[in-house]
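Below is one structure, written out as structure tokens; comments come after it.
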2 protein chains.
Amino acid sequence: MSNLETNQVTQQARGPVGREGVLDVAARLFREQGYGSVSLRKIAQVAGIKAGSIYYHFGSKDEIVLSILDTGIMAVHDEMRLAVSSQASDASAEVILRAAITAHLRALLDVSDYSSANVRIFGQVPQSVRDANLPTRRSYEAEWDSLLARLKANGALKQDVDVRHLRLMLIGALNATLEWFDPKRGSVEALAKNYADVFVHGILEKQDN
Amino acid sequence: MSNLETNQVTQQARGPVGREGVLDVAARLFREQGYGSVSLRKIAQVAGIKAGSIYYHFGSKDEIVLSILDTGIMAVHDEMRLAVSSQASDASAEVILRAAITAHLRALLDVSDYSSANVRIFGQVPQSVRDANLPTRRSYEAEWDSLLARLKANGALKQDVDVRHLRLMLIGALNATLEWFDPKRGSVEALAKNYADVFVHGILEKQDN
DNA sequence: CACGCAACCTAACAAGTGTTAGTTATGTAC
DNA sequence: GTACATAACTAACACTTGTTAGGTTGCGTG
């Protein structure tokens, strides 16, 4: 039987898998395959343990997925807040906005399986899990709202844009990249620049006729 | 037993449910609850029949969901193509683009459970179903690409925009509205205008300093 | 060397899944 | 009234799911 060898492909035989190990594997699988088709047995197998053992670290599957959702948002939130706050105090609205957009995309596409898993599976998890994740989510949304409101108060943004609306549009558009972005076809930075260009200046040629 | 009455709540006792009836119910449930948590038994119960009876009309669950995915895209495609082709031949690029955006959003948020179900569950269905749905999907994407390429050739679009990239960005942003749009807070038309405004002109105040 | 704890395993449970085969009721055509 | 197709029902199948209870292993501490 090659069954023994097959197991060793995914199992590295180093120290304990632990709570973090399970979370890492689960986040990756959720991102790749969605919530519904990733069972505890699948997570356990990839992590190199047995399904029942997961209950040593977690009380339920919901607890796992909620933990992933929360840390996923916090990762993006941190990345974005840091990028904005590290701008020079006299930075222009455009520069700040570009930094925020780039940070969000980087967290999503580069840094964290947790962030991408969040975007992918949020709409698939049980309502109770979604509700439990809402506060963390609202906190990140508030960060964007406060940034956009500041830029609007400065007069940098057009005065007829609705901040909440713009935030939904921005984050929605950025998150959608997860569905098709391929690092082999271009860098995250180039993608971010592209998106920022559209949001900042639009796509129509300036009319000079 | 009130079991008989309970059944009658969802069952209207009119003629046969039929293939179309099953599809309508399935599309609605998929849109509302996602793919994974909608079983054949749930579909059957809401439709007012028993689970096994579904196999009179369909060969498998995959066949149901694929049918929904296909008609979902075709509905948006038709709506968008009609909106564009019914524009005056001297219509400006901006007007045409606004019509296309509005049509896509209307199909998604107003018209069809199939369209919204498609967007919601595409990422959750088995790979084989996704593959089978791809041709229909590509056809719609090609429609957008050809429209955008035309506008770019006219010189209406900035010459440095990548058509494929812009299409992905546009459709991604529009589809994301499904996740939060609430008809009680505003009309689809107002939403479409908002989105078109951003894409066309951007959000930054024109600099006159 | 014994103890204790952390981290895991084994084996089973009840519930739910898609699917199938065989059966039944209802109408329509000849 | 017989024949046939339509549209459903019933009951079971093999399987997967999250979850639980109790047992086992190995390692560090006293």
Side-chain angles (χ1 to χ4, degrees), chain A residues 3-4 6-8 10-26 29-30 33-69 121 124-130 132, chain B residues 1 3-4 6-8 10-26 29-30 33-69 121 124-129 132:
Chain A
N3 204 353
L4 214 148
T6 306
N7 274 352
Q8 235 123 14
T10 51
Q11 184 179 359
Q12 294 286 6
R14 65 185 69 153
V17 176
R19 189 183 156 100
E20 234 171 312
V22 173
L23 283 177
D24 285 351
V25 167
L29 293 184
F30 282 147
Q33 315 184 20
Y35 173 77
S37 49
V38 173
S39 65
L40 291 181
R41 282 174 177 80
K42 202 182 278 184
I43 295 173
Q45 190 202 323
V46 175
I49 60 177
K50 294 302 163 70
S53 310
I54 291 184
Y55 283 81
Y56 175 77
H57 301 287
F58 303 91
S60 67
K61 189 185 184 186
D62 282 2
E63 190 184 321
I64 298 180
V65 74
L66 175 58
S67 171
I68 289 176
L69 288 184
I121 70 176
Q124 314 177 21
V125 304
Q127 184 74 38
S128 59
V129 176
R130 235 174 305 172
Chain B
M1 296 301 144
N3 205 353
L4 213 149
T6 305
N7 275 353
Q8 234 122 15
T10 49
Q11 184 178 0
Q12 294 287 4
R14 65 186 68 154
V17 175
R19 190 184 156 99
E20 235 171 310
V22 172
L23 283 176
D24 285 350
V25 167
L29 292 184
F30 282 147
Q33 314 183 21
Y35 174 77
S37 49
V38 172
S39 64
L40 291 181
R41 283 172 177 82
K42 202 182 276 185
I43 296 173
Q45 189 201 324
V46 175
I49 61 177
K50 294 303 164 67
S53 310
I54 291 183
Y55 283 81
Y56 176 76
H57 301 287
F58 304 92
S60 67
K61 189 186 183 185
D62 283 1
E63 190 183 322
I64 297 181
V65 74
L66 175 59
S67 170
I68 289 176
L69 288 184
I121 70 176
Q124 314 177 22
V125 304
Q127 185 72 40
S128 60
V129 176

Rounded distance in Å - [atom1] ([X]) to [atom2] ([N]):
X: Gln45(A); N: dC9(C); atom1: CD; atom2: C1'; value: 15 Å
X: Gln124(A); N: dT17(D); atom1: CD; atom2: P; value: 16 Å
X: Ile54(B); N: dT17(C); atom1: CD1; atom2: P; value: 12 Å
X: Gln33(B); N: dT17(C); atom1: CD; atom2: P; value: 11 Å

Nearest 0.5 angstrom please: [X] [atom1] to [Y] [atom2], how far?
X: Ile68(B); Y: Asp24(B); atom1: CD1; atom2: CG; answer: 8.5 Å
X: Phe30(A); Y: Ile64(A); atom1: CZ; atom2: CD1; answer: 7.0 Å
X: Leu66(A); Y: Arg130(A); atom1: CG; atom2: CZ; answer: 12.5 Å

Of all heavy-atom pairs linking Ser128(A) and Asp62(A), the shortest is OG-OD2, 4.0 Å
For Glu20(A), side chain to side chain donor-acceptor pair (under 3.5 Å) partners two or more places apart = none
Applying salt bridge (charged side-chain N to carboxylate O under 4.0 Å, His left out) to Arg19(A) and not counting sequence neighbours gives Glu63(A)
Inter-axis angle, terminal five-pair segments of the helix from dC1(C)-dG30(D) to dC30(C)-dG1(D) [nearest 10°] = 10°
Of dC9(D), dA7(D), dC9(C), the nucleotide closest to the side chain of Lys50(A) is dC9(C)
Closest to side chain of Ile49(A), choosing from dA7(C), dA8(D), dC9(C) | dC9(C)
Show the distances under 3.5 angstrom between N or O atoms of the protein and N or O atoms of nucleotides 19-22 of chain D.
residue	atom	partner	partner atom	Å
dT19(D)	OP2	Tyr55(A)	OH	2.5
dT19(D)	OP2	Lys61(A)	N	2.7
dT19(D)	O5'	Tyr55(A)	OH	2.9

Taking N or O atoms only and anything under 3.5 Å, show me the protein contacts with nucleotides 22-28 of chain C, one pair per line.
none

Reckon His57(A) has a side-chain N or O less than 4.0 Å from the OP1 or OP2 of dC8(C)?
-> yes
Name each donor-acceptor pair under 3.5 Å that joins a side chain in residues 34-44 of chain B to protein atoms two or more places apart or in another chain, with its distance.
residue	atom	partner	partner atom	Å
Ser37(B)	OG	Gln33(B)	O	2.8
Ser39(B)	OG	Lys42(B)	N	3.2
Lys42(B)	NZ	Gln33(B)	OE1	3.1
Lys42(B)	NZ	Ser37(B)	O	2.8

Starting from the 5' end of DNA chain C, give me the residue, Gly18(A) or Ser39(B), whose nearest nucleotide shows up first.
-> Gly18(A)
Neighbours of DNA chain C within residues 19-26 of chain B, by heavy-atom distance under 4.0 Å | none
